Amino acid sequence: MAVKRGSGTGIWGRFAASDPGLLRLMAGLRTVGSIALTLVVLAVLHTAVTHLVAGAMTAMVATFAIREKQLRAQAITLALGLPVVLAAMSLGALLNTRILAGDAFFVLLIFGAVYFRRFGDRATALGLMGFQVYFISLFVHATPAGLPELYVTLTIAVAGSAIVRFALVPETPERTLGRLREAFRARLAQLVATQLELLDATPDQLDKVLEDLRRHTARLHEAALMIQGRLEEGTRDAGDAALVQRRVAEAEIAAERLGVLLLNARSAERADTLTLHLPHAPVPAPAGPAVGTRHEDDTTAALRRDLTALHLLVTRLGPDSRGTALAHLRNRLLGYRDEENLPPASLAVQDVFRGLGEAARSVLGLRLALDGPQDESDDAPETTRSREEFEAEDIAFAEGPEDAEEARTGLQRSTTRAAFQVAVGSTLAIVGGEFLSSQRWYWAVLTCWVVFLNTASTGEIVIKGYRRLLGTGLGVVAGVGLAGLVGNHTWTAFALVLVLIFGMFFTAPLSYALMSFFVTAMLGLLYTLLHTYSFAVLVLRIEETALGAACGVIAAVLVLPVHTDRRTDELLRTVLARLRDISTAAVSQLSGGPAVDLLDMARDLDTALDDLRRSTRPLTHPITPLRVRRQTARYLVALLETCAYHTRSLAATAELVPYSRTVAADPRLERAGRRIAHNIDVLVANLLDEDAGGEVESGASIASMLEDSGSGIPRSGTVTFRVLRHLQRLDEGVAGLARPLGVPVVGRDEHKKG
């Protein structure tokens with residue numbers, strides 16, 4: 001337990017693990033810094049409070065709207081943004097008294113801001129800045145007479161945003177990637193520490209430790225995906241990016257596999273890997289990895305010692321962490337990759353030691369990819385062999401083709417569809433908002449706008465509208481208290497506004513309801529500064545929010561709807577197709593076929609699975625009234641995650657075949673993967689057409705299929721035997737998908753008779 005209590009990550013390491021790359025922290029600091037600098041300059045110029053509010057809000061928009069990663073691209077977008085915000089403020093002031101013309105332009109502006117997202121980050125940023133500044137003009141009641149001062153205010157706000165972004169809180173892709181690497185290391189250390197807890201957990205503690213294991217595994221996966229998204233901009237060339245991506249993927253797969261092997265070793269019977277992927281799954285009956293004899297107790301002590309050594313290697317994963325002691329630990333762990341170095345124990349416990357060897361190899365590969373060549377003077381033969389394997393892989397995959405995805409056109413494109421939907425919803429919000437308040441109808445439009453951001457189906461829009469309404473209601477309560485606390489103290493109010501804005505940006509990726517809470521509480525203070533605060537105004541805010549969310553849902557249902565079921569089925573077909581591609585390619589390589597970049601294919605599978613997981617959130621949300629449907633969706637995603645785990649493990653093993661001296665191809669495996677590919681094809685066909693027919697085959701085990709061929713079952717402990725276990729679990733998982741998808745299943749013997 002010492003490793004967990006002083007887990008090597010420290011307070012800062014834990015914070016870095018909870019905020020990968022410190023992206024949320026930097027976003028909050030950058031936004032607050034931009035606003036603070038803008039307010040200081042405007043205060044020196046003795047600007048009116050109304051213009052202080054306009055400047056603060058513009059600085060916030062100019063900061064968060066830009067999503068490009070390269071500094072040069074950010075500078076160009078910010079420069080183009082200045083005329084955009086000036087034009088938006090001018091039009092807002094000029095059209096303020098012309099109701100019909102102003103409303104029509106607002107709808108066109110909203111349509112354009114959404115439609116032009118198809119042209120990339122720059123168009124998205126400029127559209128967002130135009131919409132938000134037009135909204136600010138309505139909020140501060142801009143007039144043509146006040147435009148000259150507002151021009152100065154907006155210019156100062158954009159300049160303040162630039163100074164903070166490029167001078168005070170600079171953010172380069174290389175720095176971000178460096179912090180993401182540190183976050184990955186911290187999360188990997190947390191996962192290994194939790195695996196050590198799993199080894200020693202009592203039956204009463206096992207449920208909590210398993211929940212921690214699931215959480216830390218998911219967080220490691222999240223960090224790996226974030227690193228993938230930053231690699232191209234944060235590395236010198238595409239080759240370096242591909243190399244780091246492969247090593248991160250290998251470390252993630254090895255760590256996840258080690259957790260499953262430990263779980264199996266702790267179970268009285270071999271645990272279903274679904275336990276690691278299905279929340280609240282039944283906890284397997286514990287039996288401990290070593291029970292009864294003195295010899296088994298020594299094995300448990302060795303496991304504890306080596307898990308602690310692996311944790312030390314992870315926490316010292318850096319260019320300055322060298323020394324003979326670390327090399328000795330690494331050599332010992334890498335030695336478990338050779339069968340003769342495994343301690344005498346049960347097969348399940350020996351698998352854990354093998355997993356330790358593969359995890360140590362992945363840590364070595366990650367260190368080589370991130371920090372370059374290391375001192376090899378203390379290498380044992382096993383370490384030298386691992387280095388040679390890495391060098392061979394690097395040469396083989398120095399260049400790799402990229403698959404181009406077919407682009408959608410017309411109304412099939414999500415931005416085009418969303419533009420029409422949000423335009424209709426905003427029109428309804430304007431009409432309804434005018435009935436509620438002729439002065440603050442724009443809050444309904446804003447809500448309608450935001451519920452369409454980063455959503456792809458009707459169900460997602462409903463859930464987002466519900467969360468915004470919940471956060472707004474709680475924010476009103478906080479706004480009442482803060483407004484009474486602040487009174488007429490202008491700068492105290494601005495200080496609290498900065499705190500709330502930081503909270504808004506820091507919590508935005510975690511909870512949309514919490515972000516809405518901070519936004520509404522901040523608005524209560526802004527209304528106080530503008531001397532327009534009252535309890536009735538905040539109640540109106542709730543009413544306008546409810547109206548805007550309702551208008552967004554109505555538009556999503558009536559205008560080019562994308563139903564959650566259809567969206568989920570589409571993403572499910574993508575996951576299954578990628579699952580089939582990588583499993584087929586892995587089995588082919590394990591059978592002696594040509595080498596391909598399997599880990600890149602595995603990352604594509606992970607990305608598709610993440611998209612599916614997000615699309616099912618409306619089905620699994622607590623407010624969903626269909627309980628059976630919610631359980632089915634959770635079970636389906638958990639089964640797919642289990643299948644993906646075994647597929648990644650197959651891919652990781654297959655990657656070793658062309659370069660390893662001990663992992664050899666086995667032609668018999670090619671036959672073993674045919675049933676899996678057939679079953680996935682049947683599932684995809686039934687998703688495309690309910691009358692497609694076809695049946696999922698089950699029955700005889702994958703291993704017995706090899707035995708039927710006269711070759712015999714491979715000896716336990718061999719690579720082929722371990723591969724067959726993954727194929728068997730994958731086969732069972734794919735067959736298990738048939739029940740929730742309504743596809744008939746037949747036994748293998750029945751299929752032959754038919």
Side-chain angles (χ1 to χ4, degrees), residues 21-38 41 54-92 108-137 150-177 226 229-234 413-416 418-419 422 449-450 452-454 501 504-505 508-509:
L22 305 180
L23 298 182
R24 291 184 284 121
L25 175 65
M26 298 304 291
L29 290 177
R30 199 178 304 114
T31 306
V32 169
S34 299
I35 296 172
L37 180 59
T38 300
V41 175
M57 296 179 73
T58 303
M60 178 177 68
V61 172
T63 303
F64 78 75
I66 297 177
R67 288 290 181 266
E68 290 153 308
K69 299 179 180 67
Q70 293 293 342
L71 292 180
R72 182 175 180 274
Q74 294 175 12
I76 293 173
T77 302
L78 199 56
L80 294 174
L82 180 58
V84 169
V85 300
L86 294 178
M89 181 62 72
S90 301
L91 289 168
L108 288 175
L109 179 62
I110 290 169
F111 178 88
V114 176
Y115 179 80
F116 287 112
R117 290 179 193 170
R118 59 179 291 193
F119 298 111
D121 289 339
R122 178 165 298 153
T124 301
L126 295 177
L128 182 58
M129 292 168 72
F131 167 80
Q132 292 285 3
V133 172
Y134 190 89
F135 170 82
I136 292 170
S137 74
L150 283 170
Y151 289 159
V152 175
T153 298
L154 298 185
T155 302
I156 290 173
V158 173
S161 176
I163 291 171
V164 172
R165 176 180 294 275
F166 301 119
L168 300 182
V169 190
E171 187 73 353
T172 64
E174 294 80 8
R175 280 186 189 173
T176 301
L177 182 59
M226 294 178 75
R230 299 277 177 164
L231 276 174
E232 290 186 6
E233 292 82 8
R413 185 181 284 113
S414 60
T415 51
T416 305
V422 74
W449 157 278
V450 297
F452 278 96
L453 295 178
N454 302 318
I501 288 175
M504 176 178 69
F505 281 91

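Bear in mind that the values here come from a model prediction, so they are computed numbers and not experimental data. Residue numbers run from 1 in the order of the sequence given.
- Here the OG1 atom belonging to Thr155 is positioned 5.0 Å from the CG atom belonging to Leu86, to the nearest 0.5 angstrom.
- At least one side-chain heavy atom of Thr77 sits under 4.5 Å from a side-chain heavy atom of Glu68.
- Contact of the Phe135 side chain with the Ile110 side chain is not registered, since no non-hydrogen atoms from C-beta on lie closer than 4.5 Å.
- Put simply, the side chain of Met504 reaches to within 4.5 Å of the side chain of Met60, judged on heavy atoms.
- Using the six-membered ring where Trp is involved, Phe505 and Phe64 have ring planes that are tilted, between 30° and 60° apart.
- Contacts of Thr176 classified as side chain to side chain contact (heavy atoms under 4.5 Å, CB included), with partners at least two apart in sequence or in another chain: Leu23, Glu171, Arg179, Leu180, Arg230.
- Considering all non-hydrogen atoms of both residues, Val61 and Met129 come closest at CG1-CA, 3.8 Å.
- A donor-acceptor contact shorter than 3.5 Å is absent between the side chain of Ser161 and the backbone of Ala157.
- By the 4.5 Å heavy-atom criterion applied to side chains, Thr63 and Val164 are not counted as neighbours.
- Scanning for side chain to side chain contact (heavy atoms under 4.5 Å, CB included) contacts around Leu80 gives Ile76, Arg122, Leu126, with sequence neighbours left out.
- For Val32, the side chain to side chain contact (heavy atoms under 4.5 Å, CB included) criterion is met by Leu498, Ile501, Phe502, not counting sequence neighbours.
- Annotation for Ala65 and Ala125: closest pair O-CB, 3.4 Å, computed over non-hydrogen atoms.
- Ring geometry for Phe111 against Tyr115 counts as parallel: the plane angle stays under 30°, on a 0 to 90° scale with 60° as the upper cut.
- Among all heavy-atom pairs drawn from Met57 and Ile136, the shortest one is CB-CD1, 3.6 Å.
- Val85 approaches Val133 most closely through the heavy-atom pair O-CG1, 3.4 Å.
- Here the OG1 atom belonging to Thr124 is positioned 12.0 Å from the CD1 atom belonging to Ile66, to the nearest 0.5 angstrom.
- The shortest heavy-atom contact between Trp449 and Leu128 is CZ2-CD1, 3.6 Å.
- Taking all atoms of both residues into account, the shortest heavy-atom contact from Gly92 to Ser137 is CA-OG, 3.3 Å.
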